[in-house]
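Presented below is the structure to which this report refers.
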Number of protein chains: 2
Amino acid sequence: MASTPQQSDGPVRPRGPRTRSRASHSLESVLAGAVEILDESGAQGLTIRALATRLGGGVASVYWYVSGRDELLDLAADSVLAGVLEATADVGGGDPIEDIRTIALTMFDAIVDRPWLGAYALRDTTSQIHSLQLYERIGEHVMRLDLTPRQTFHATSAVVGYVIGTAADLGQEPPAAVVSGEVSREEYMASAAAQWRALDAADFPFIHHILDEFDGHDDRDQFLGGLDLLLAGLRLQAQG
Amino acid sequence: MASTPQQSDGPVRPRGPRTRSRASHSLESVLAGAVEILDESGAQGLTIRALATRLGGGVASVYWYVSGRDELLDLAADSVLAGVLEATADVGGGDPIEDIRTIALTMFDAIVDRPWLGAYALRDTTSQIHSLQLYERIGEHVMRLDLTPRQTFHATSAVVGYVIGTAADLGQEPPAAVVSGEVSREEYMASAAAQWRALDAADFPFIHHILDEFDGHDDRDQFLGGLDLLLAGLRLQAQG
DNA sequence: ACCTGAACACCGTTCAAGT
DNA sequence: ACCTGAACACCGTTCAAGT
């Protein structure tokens with residue numbers, strides 16, 4: 001999935017000024033480069049130096065477009081949410097709760113695809129315009145339920161909080177492993193299951209009760225299980 | 001709210017050499033020191049060097065007790081959950097869902113007290129024993145609802161995911177401010193509300209619909225609003 | 001068994017200077 | 001307006017050496 005290095009091969013080219021000695025960026029190219037690095041090596045791999053190298057320029061030029069590493073992460077995450085926004089633009093045909101579910105699931109899938117997203121999406125709506133629009137979009141569907149403003153506010157925040165929270169949790173690599181490729185997520189989950197199995201059943205009746213469900217479970221099913229509880233509660237509230 | 005340092009004052013008293021030239025730690029004192037720093041300056045402030053200085057020793061000695069900074073954060077967070085475990089030991093008198101609500105709220109309050117907790121609590125049950133026990137405890141109450149193992153697994157994970165997700169979100173400082181004390185959380189929220197108010201009402205009908213609720217809202221109420229939706233859905237499932 | 005000082009290999013960020 | 005190289009002030013982690 002890595003993009004080609006975009007190697008600037010010196011001051012080549014026959015005629016024309018095009019010296020190439022000086023790199024030229026834009027906010028879009030900076031964020032696109034950041035997203036590439038994030039996809040390849042996670043948040044830890046996104047250093048300003050690595051980004052500058054990928055862009056073929058010096059470190060300091062990044063700071064022309066972005067105030068620092070934190071803002072870079074926020075904006076890179078937010079830029080990706082444009083895709084979720086687009087993918088959910090048409091949602092709205094039927095049952096409001098069904099529509100909310102569809103949007104939430106699209107968000108979840110986007111974060112599963114890019115685990116680093118969970119920690120930086122929807123963090124600061126004053127700088128993250130797409131995050132704000134996504135919040136707005138979910139909220140508009142919740143409004144269709146004719147609750148009070150307060151209920152509408154709480155329900156929308158709960159859905160967003162649940163999605164981000166659950167997805168961020170899943171996106172977290174086990175203590176230093178996955179990125180370096182030493183341990184796959186499957187191996188890690190299997191070892192966790194084994195460790196649970198070794199626990200004393202008298203001390204951990206619940207863990208043993210759900211062990212077979214945990215072992216080899218599908219993250220998406222787990223996410224949907226909780227989401228549907230939340231939405232069932234919401235439907236109940238909407239019915240009065 | 002920080003616990004007392006639990007200062008181990010060396011191979012104490014009687015007489016003896018007491019040179020003080022050599023520091024002496026323990027895993028407990030290392031974690032206690034880490035928690036102090038986290039309470040004072042957040043995760044960003046917890047550097048190995050700052051911790052070593054607080055302990056009165058050299059940097060390298062920290063690595064005798066902990067494999068690295070990540071594990072330090074995980075263990076420090078988990079050590080604090082011992083308090084939540086203790087505080088919820090007696091819960092269990094009445095309605096299972098009411099009990100789940102009580103435990104979830106206690107967790108939430110603990111994270112509000114220590115915003116750094118949200119990002120590191122319940123991350124890795126193989127190294128975080130208290131996290132595992134808390135998960136177990138909530139699960140035991142869910143078991144009382146007589147659902148299928150799969151439903152029990154999903155419901156417990158959903159509650160934990162919602163608590164951690166929501167609390168972690170609230171615990172996030174606005175882009176570089178709060179820790180340094182430049183901008184208070186109140187000021188930040190007020191400015192966010194002002195910015196929302198400035199949005200075009202045609203483009204953001206939902207935001208305007210909930211603006212008065214958002215402005216000056218209480219985080220705890222918001223948390224409970226969503227939690228009660230989730231629990232209502234769970235109750236419905238238990239009755240079904 | 002546990003602690004230390006010093007070193008290594010990085011970081012984010014700034015700034016005077018260039019174009 | 002935008003880019004650069006070099007410097008500053010940090011980091012986490014390791015390791016040979018001490019006790």
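Computation of the quantities below employed the complete heavy-atom set of this structure, encompassing side-chain atoms and omitting hydrogens, waters and symmetry-equivalent molecules. Not measured: the values here are computed from a predicted model.
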- Note on the structure: Those residues at least two apart in sequence (or on a different chain) that pass side chain to side chain donor-acceptor pair (under 3.5 Å) with A:D221 are none

- Message: The criterion is ring pair (Phe, Tyr, Trp, His ring centres under 6.0 Å); which residues satisfy it with B:F223, sequence neighbours excluded?
- Response: B:F108, B:Y162

- Sorted by chain and number, sequence neighbours left out, ring pair (Phe, Tyr, Trp, His ring centres under 6.0 Å) with B:H208 holds for none

- Query: Reading DNA chain C 5' to 3', what string of ( ), [ ], | and . shows its pairs, if Watson-Crick and G-U wobble pairs count only when both distances fall under 3.5 Å?
  - Reply: ||.|||||...|||||.||

- Query: B:L27 has an atom CG; how far is it from atom P of C:dA1, in whole Å?
  - Reply: 17 Å

- Ion pair present between A:R197 and A:D215, side-chain N to carboxylate O less than 4.0 angstrom? yes

[X]: partners by salt bridge (charged side-chain N to carboxylate O under 4.0 Å, His left out), with sequence neighbours left out:
{"X": "A:E136", "result": "none"}
{"X": "B:R49", "result": "none"}
{"X": "A:E140", "result": "none"}

- In B/S/- notation (B base, S sugar-phosphate only, - none; protein heavy atoms under 4.0 Å), nucleotides 8-15 of chain D written 5' to 3' is ---BBBBB

- Ignoring backbone atoms, establish whether B:S61 has a side-chain N or O less than 4.0 Å from OP1 or OP2 of C:dC2. no

- Message: Would you say B:W64 places a side-chain N or O within less than 4.0 Å of OP1 or OP2 belonging to C:dC2?
- Response: yes

Throw together a table of side-chain donor-acceptor distances under 3.5 angstrom for residues 110-119 of chain A, partners on residues two or more places apart or in other chains.
residue	atom	partner	partner atom	Å
A:R114	NH1	A:D39	OD1	3.3
A:R114	NH1	A:D39	OD2	2.5
A:W116	NE1	A:D39	OD1	2.9

